[in-house]
There are 2 protein chains.
Amino acid sequence: MDQLRALRYFVKVVETGSFTKAAAIFSVPPSSLSRRVADLENSLGATLLKRSTRVVNLTEVGESYYKQVSAILEQLEHTDEAVRSYQANPMGLLRISSMVGFGERILLPLMDEFSELYPQITLDISLSDELSTLSRDQVDIAIRGGYAPDERVYAIKLMDNRFVPVASPDYLARNGTPISALELKSHRGLYFKAPAGRMPWITEINGQWQDVSAAAVSISNNGRWLMDKAIAGQGILMMPRWVTQPFVLSGELVELALDPEVSITENPNFAIYLLYQKLRYQVPKVKAAVDFLVARVRASEHSGMD
Amino acid sequence: MDQLRALRYFVKVVETGSFTKAAAIFSVPPSSLSRRVADLENSLGATLLKRSTRVVNLTEVGESYYKQVSAILEQLEHTDEAVRSYQANPMGLLRISSMVGFGERILLPLMDEFSELYPQITLDISLSDELSTLSRDQVDIAIRGGYAPDERVYAIKLMDNRFVPVASPDYLARNGTPISALELKSHRGLYFKAPAGRMPWITEINGQWQDVSAAAVSISNNGRWLMDKAIAGQGILMMPRWVTQPFVLSGELVELALDPEVSITENPNFAIYLLYQKLRYQVPKVKAAVDFLVARVRASEHSGMD
DNA sequence: AATCTTTGTTGTCTATAAGGCACTAATGGT
DNA sequence: ACCATTAGTGCCTTATAGACAACAAAGATT
């Protein structure tokens with residue numbers, strides 16, 4: 001038996017004082033209400049209504065049952081309403097996981113703006129270069145460098161993540177400026193370590209990928225520390241352009257233009273992706289954040305960093 | 001969609017943290033829960049649970065929805081429980097409507113005892129000789145003098161209601177003691193007035209009903225007042241034996257033994273009936289009162305009044 | 001790292017329950 | 001006393017939930 005339906009019928013019969021009127025409201029024949037209410041009474045083992053062809057009024061039990069049930073139905077209505085408003089308005093807790101470098105440099109400043117736009121959203125941003133599982137973890141949005149979309153995750157390419165080689169002018173003065181990728185082998189290298197391991201320098205020559213890594217001076221997953229070493233002239237560093245950009249502009253570093261381009265991956269789709277759970281997880285807070293991030297990151301890319 | 005069922009499923013899945021475990025509790029296949037919860041989510045337009053094959057945990061909305069829904073289900077449980085316990089123990093308000101005379105003389109004293117037996121029952125007794133509608137009025141039990149059972153009302157014959165003629169010894173000494181019913185016409189009469197009108201004295205002679213009413217001294221619907229007049233020797237009074245009995249025993253009145261018996265109705269089924277709504281209206285308080293009244297009235301009839 | 005087991009989901013069929021409709025009975029008003 | 005409205009009931013149709021099997025995926029185990 002659909003108990004809730006029976007309850008709604010019962011309450012409406014009480015309020016209209018008539019099976020017929022109540023039935024009209026639900027657009028079902030009065031017989032349905034009669035049956036449902038009778039079922040309800042049987043299941044309770046009590047008579048709720050005293051019926052006559054002209055008057056329908058409550059028994060004593062019916063009276064108290066009606067009061068409580070109508071209150072319960074109202075609560076249920078409010079609860080559903082709350083869920084729907086949650087679905088309609090961006091609000092609640094938004095969990096974002098981001099790579100450390102991108103997070104510090106780009107994400108956090110942007111999210112300050114975001115907070116002002118959506119004060120009802122509480123931000124929980126964790127920075128880590130570990131692989132985000134996204135499915136199991138309590139994360140709404142993840143930002144990762146990588147290759148391609150995932151299984152049941154939507155991925156939006158936020159910006160290019162091509163690694164470019166840089167060195168300080170003073171290092172180049174001392175060791176010479178390499179022109180060909182093959183020359184790198186005789187240089188000194190500063191290596192960024194992803195969770196998967198040290199990122200090698202590779203280049204494609206005649207369709208063949210070749211490792212052109214220089215001797216390692218330092219390996220770290222801390223981009224800032226590596227940048228400082230590069231600026232100090234300790235070696236050549238491969239880093240994403242959005243990291244090196246400010247230092248190149250200030251003249252502290254020089255971007256090397258090598259003939260066969262050097263890369264750190266064979267996959268041309270290597271970029272920074274914004275990942276979020278599949279479509280059905282499109283709650284407003286997530287949509288708001290996704291739209292905001294995509295718009296603002298691309299804008300900043302064009303204005304000051306590309 | 002059976003929303004309530006879906007809610008119960010959802011709550012149980014949350015509490016067990018597993019569709020399979022919850023399904024076992026309801027003794028249905030897990031697929032049913034999966035579908036019902038999915039339906040619920042669709043109808044709300046929100047994802048309540050984040051499922052994986054190993055872990056099921058709540059989304060943010062799901063969390064708040066669960067809290068509220070589980071509280072609501074609990075309330076509903078309590079409400080049903082209340083109705084069922086109401087059915088189990090005689091309690092609540094018991095409304096009785098009774099004829100005035102019977103009420104004052106017999107019912108009220110008995111109901112004092114009843115109150116001690118069932119302290120949880122609140123009594124609401126109204127005395128009136130008006131015809132009780134019972135179906136429309138808010139009455140659980142009605143006690144009326146009359147003839148036969150009604151339509152959909154159960155009637156139990158409480159006691160005989162035969163009217164017998166009485167007079168004071170001093171009246172009879174002054175006016176003579178009638179032997180035949182036909183002699184009554186030359187006497188003085190005190191008449192009880194039912195709502196339908198003055199009750200005539202009639203007698204059946206050779207299958208023919210004849211009016212043998214005496215000249216009216218007083219007519220009233222107040223039995224006590226008429227009794228006083230009869231005791232004062234103002235005339236002959238027809239009253240139910242259960243009314244006259246104490247005065248006959250005390251010698252204040254004498255019951256007349258007339259040859260063709262005098263009556264106030266042609267119908268031999270004239271008696272005092274206890275009426276209550278048909279079987280389905282068998283709440284414990286009503287049952288308790290009916291059983292009590294039937295037992296006690298009949299007992300008192302045998303002991304001191306018959 | 002590969003395999004295995006558990007678990008949630010999906011497709012298809014069946015059983016059950018609610019709706020629709022015509023009719024009856026009874027109540028309250030005219 | 002009659003009439004109209006209204007609740008209840010039988011019978012049929014339609015919608016919805018359950019059963020069973022197969023599948024897919026995520027963790028755990030070795």
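Side chains are part of it too, since the values below use all heavy atoms of this structure and drop only hydrogens, waters and symmetry mates. By convention in this document, chain letters (A, B, ...) are assigned in the order of the sequence lines, proteins followed by strands, and residues within each chain are numbered from 1. Computed from a prediction, not measured in an experiment: that's the story for all the values here.
When rounded to the nearest whole Å, the span between CG of A:Asp2 and C1' of D:dA15 equals 12 Å. As a whole-Å value, the separation of A:Lys50 NZ from C:dG28 P is 12 Å. Rounded to whole Å, atom C1' of C:dA18 lies 14 Å from atom CZ of A:Phe26. In this entry the distance linking NZ of A:Lys21 with C1' of D:dA7 reads 13 Å, nearest Å. The separation between A:Arg36 atom CZ and C:dA18 atom P is 4 Å, rounded to whole Å. Between the P atom of C:dA15 and the CE atom of A:Met1 lies a distance of 23 Å, rounded to the nearest Å. The CG atom of A:Leu49 sits 8 Å away from the P atom of D:dG8 (whole-angstrom rounding). Between A:Asn57 atom CG and D:dT6 atom C1' the separation is 15 Å, expressed in whole Å.
With no hydrogens or angles considered, a side-chain donor-acceptor pair links B:Asp211 and B:Ser213 at under 3.5 Å. In summary, the side chains of B:Arg144 and B:Ser97 do present a donor paired with an acceptor at a separation below 3.5 Å, with no hydrogens or angles considered.
At a threshold of 4.0 angstrom between heavy atoms, the contacts of B:Tyr9 are confined to the sugar-phosphate backbone, with no base atom among them. Residue-level contact check: A:Pro30 touches neither bases nor backbone, having no heavy atom under 4.0 Å from any strand.
Which of C:dT9, D:dG18, D:dA7 sits closest to the side chain of B:Pro29 comes down to D:dG18. When each of D:dG8, D:dT6, D:dG18 is scored by its nearest atom to the side-chain atoms of A:Arg51, the top-ranked nucleotide is D:dG8.
Contact check on A:Arg35 versus A:Asp39 returns no salt bridge, with no Lys/Arg side-chain nitrogen under 4.0 Å from an Asp/Glu carboxylate oxygen.
Across the interface with DNA chain C, nearest-nucleotide mapping of B:Phe19 and A:Leu33 shows B:Phe19 to be the residue nearer the 5′ end. Annotation: of the two residues near DNA chain D, A:Arg5 and A:Ser18, the 5′-most nearest-nucleotide partner is A:Ser18.
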Tabulated below should be each protein N or O lying under 3.5 Å from an N or O of nucleotides 2-4 of chain C; please produce it.
none

Close N/O contacts between protein and nucleotides 11-14 of chain C (under 3.5 Å):
from	atom 1	to	atom 2	distance (Å)
C:dG11	N7	B:Arg35	NH2	3.0
C:dG11	O6	B:Arg35	NH2	2.3
C:dT12	O4	B:Arg35	NH2	3.3

Which atom pairs, one a donor and one an acceptor, fall under 3.5 Å between side chains of residues 9-19 of chain B and the rest of the protein, sequence neighbours left out?
from	atom 1	to	atom 2	distance (Å)
B:Glu15	OE2	B:Tyr66	OH	3.0
B:Thr16	OG1	B:Lys12	O	2.9
B:Thr16	OG1	B:Val13	O	3.4
B:Thr16	OG1	B:Ser18	N	3.3
B:Thr16	OG1	B:Ser18	O	3.0
B:Ser18	OG	B:Thr20	N	3.1
B:Ser18	OG	B:Lys21	N	3.0

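Residue-to-nucleotide contacts include a donor-acceptor pair under 3.5 Å from the side chain of B:Arg54 to the base of C:dT6.
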